[in-house]
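The model shown is predicted, which means the values in this text are computed figures rather than measured ones.
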Amino acid sequence: MASLKDMRVRIASTKATQKITKAMQMVAASKLRRAQTAAEAARPYAEKMDAVISNIAGAAAGSPGAPVLLAGTGKDQVHLLLVCTGERGLSGAFNSSIVRLARERALALMNQGKEVKFFCVGRKGYEQLRRTFDKQIIENIELRSVRQLGFVNAEDIARKVIARFNNGEFDVCTLFYSRFKSVISQIPTAQQLIPLVVEAPAAGAVATNYEYEPEEDEILSSLLPRNLAVQIFRALLENNASFYGAQMSAMDNATRNAGDMIRKQTLIYNRTRQAMITKELIEIISGAEAI
């Protein structure tokens, strides 16, 4: 049985841990609001950009001059998985859920005889994926030094992806990230970026024809690279909000668990101390009676 001193040290250690997790919860809560606002503000622009490009692409699809980012290479053999995760842990299943979705997609593609490559954004995803796919990771970008995410960060990633595509290194690119829903709910999401997936118009919808100047192909050549950066930027912002939401929830659970441990340890300490005092009293009384 542990001594009273050991119990006191254990209780003090648990209280110190509880203070740390409570502080981390409060920091995550303060950063979550700004991150959530940024993610929600980016959604309408990204969705509208996607809708506009889909409308233009519908007219340009199948034309000989269609941009390669829209038409693709005509093959489906080499897949690039762009996996965006966090730079830090202590956030529950946030990072592992994104990696799990990407790993499942990779294994499914490999079972079909496809070649899979990884482009990692975020230290935690890279650390988890390299255990299994070390030789298939072609690039890793860490944003740990970035204090506030900007569109320039997404543009840099988009340029590198497009450069590798133009060099013929892959045929299909899929983005993996976590879409923020609430503090307790973040949804791992896969979105194909290259070639662009053009959504068919809803059934019964009235088709609207537009005349473009310059031609659709020329407009798309300019818009498609920017759309790629916009979608990546949206994913980074969604990830940022999801991380703080997951960390806030995880630290709240850790704080409550520490409180439960402190109560149990204190109860055991008090019972042990009471038993020792009772034993000493019995020994004193027994000695007095013997005299």
For the [atom1] atom of [X] and the [atom2] atom of [Y], what is their distance to the nearest 0.5 Å?
| X | Y | atom1 | atom2 | result |
| --- | --- | --- | --- | --- |
| Ile262 | Leu267 | CD1 | CG | 13.5 Å |
| Asp260 | Thr255 | CG | OG1 | 11.0 Å |
| Arg130 | Lys135 | CZ | NZ | 15.0 Å |
| Leu4 | Ile268 | CG | CD1 | 12.0 Å |
| Met26 | Asp252 | CE | CG | 12.5 Å |
| Leu109 | Thr174 | CG | OG1 | 7.5 Å |

Next on the checklist: Under the rule for salt bridge (Lys or Arg N to Asp or Glu O under 4.0 Å), what residues qualify as partners of Asp171, not counting sequence neighbours?
Outcome noted: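 Here no residue qualifies.
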
Which atom names give the shortest non-hydrogen contact between [X] and [Y], and what distance separates them?
| X | Y | answer |
| --- | --- | --- |
| Asn240 | Ala35 | ND2-CB, 3.8 Å |
| Gln186 | Ser178 | CB-OG, 3.2 Å |
| Ile53 | Leu223 | CD1-O, 3.9 Å |
| Ala38 | Leu237 | O-CD1, 3.7 Å |
| Gln128 | Ser96 | OE1-CA, 3.7 Å |
| Leu175 | Ala235 | CD2-CB, 3.6 Å |

Next on the checklist: Set out, in order, the CA-CA distance, both residues' side-chain angles and the distance that settles side chain to side chain contact (heavy atoms under 4.5 Å, CB included) for Tyr244 and Gln36, then state yes or no.
Outcome noted: CA-CA 9 Å; Tyr244 287 121; Gln36 181 179 353; over 6 Å; no

Next on the checklist: Contact between Arg159 and Asp156 at the side-chain level, heavy atoms closer than 4.5 Å - yes or no?
Outcome noted: yes

Checklist entry - Side chains of Val161 and Ile194: closer than 4.5 Å at any heavy-atom pair? => result yes

Single-linkage hydrophobic cluster, 4.5 Å side-chain cutoff, [X] and [Y] together:
| X | Y | result |
| --- | --- | --- |
| Val99 | Ile187 | no |
| Ile137 | Ile141 | no |
| Leu81 | Val172 | no |
| Leu129 | Val121 | no |
| Val83 | Leu101 | yes |

What pairs of donor and acceptor atoms, side-chain ones from residues 84-92 against any protein atom, are under 3.5 angstrom apart with sequence neighbours left out?
| from | atom 1 | to | atom 2 | distance (Å) |
| --- | --- | --- | --- | --- |
| Thr85 | OG1 | Gly125 | N | 2.8 |
| Glu87 | OE1 | Arg123 | N | 3.2 |
| Glu87 | OE2 | Leu143 | N | 2.6 |

Checklist entry - Hey, mind stepping through Thr21 and Asn257 against side chain to side chain contact (heavy atoms under 4.5 Å, CB included) and telling me if it holds? => result CA-CA 10 Å; Thr21 56; Asn257 290 339; over 6 Å; no

Donor-acceptor contacts under 3.5 Å from residues 113-120 side chains, at least two apart:
| from | atom 1 | to | atom 2 | distance (Å) |
| --- | --- | --- | --- | --- |
| Lys114 | NZ | Asp76 | O | 3.1 |
| Lys117 | NZ | Glu169 | O | 2.9 |

Does atom [atom1] ([X]) have a neighbourhood of more than 12 heavy atoms from anything else shown, all under 6.0 Å?
| X | atom1 | value |
| --- | --- | --- |
| Ile184 | CD1 | no |
| Gln274 | CD | no |
| Arg34 | CZ | no |

Next on the checklist: Show every ring-ring contact (aromatic ring centres under 6.0 Å, His included) that has at least one partner inside residues 174-198, sequence neighbours left out.
Outcome noted: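 Qualifying pairs: none.
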
Checklist entry - Apart from Leu281 itself, what residues make up its hydrophobic cluster when side-chain heavy atoms of I, L, V, M, F, W and Y under 4.5 Å apart count as a link, directly or indirectly? => result Ile277

Checklist entry - Going through the checks in order, is the side chain to side chain contact (heavy atoms under 4.5 Å, CB included) test met by Phe151 and Leu236? => result CA-CA 10 Å; Phe151 187 66; Leu236 294 178; over 6 Å; no

Next on the checklist: Between Val78 and Thr73, does the side chain to side chain contact (heavy atoms under 4.5 Å, CB included) criterion hold? Intermediate values first, please.
Outcome noted: CA-CA 10 Å; Val78 184; Thr73 62; over 6 Å; no

Checklist entry - So, Thr14 versus Gln265: side-chain donor-acceptor pair below 3.5 Å or not? => result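 Distance-only check passes for Thr14 and Gln265.
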
Next on the checklist: For the residue pair Asn167 / Arg164, report whether a side-chain donor-acceptor contact shorter than 3.5 Å exists.
Outcome noted: no

Next on the checklist: Strictly distance-based, threshold 3.5 Å: is any side-chain N or O of Ser249 a donor or acceptor partner for the main-chain N or O of Gly245?
Outcome noted: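 No, because the side chain of Ser249 does not come within donor-acceptor range (under 3.5 Å) of the backbone of Gly245.
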
Checklist entry - Do side-chain atoms of Glu47 reach the backbone of Asp50 as a donor and acceptor pair under 3.5 angstrom? => result no

With a 3.5 Å cut-off and sequence neighbours excluded, list the donor-acceptor pairs that the side chains of residues 225-233 form with protein atoms.
| from | atom 1 | to | atom 2 | distance (Å) |
| --- | --- | --- | --- | --- |
| Asn227 | OD1 | Gln231 | NE2 | 3.1 |
| Gln231 | OE1 | Gln191 | NE2 | 3.3 |
| Gln231 | NE2 | Ala46 | O | 3.3 |

Next on the checklist: Which label fits Phe94 and Phe243: parallel for a plane angle under 30°, tilted from 30 to 60°, or perpendicular past 60°?
Outcome noted: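 If you compare the ring of Phe94 with that of Phe243, the planes turn out perpendicular.
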
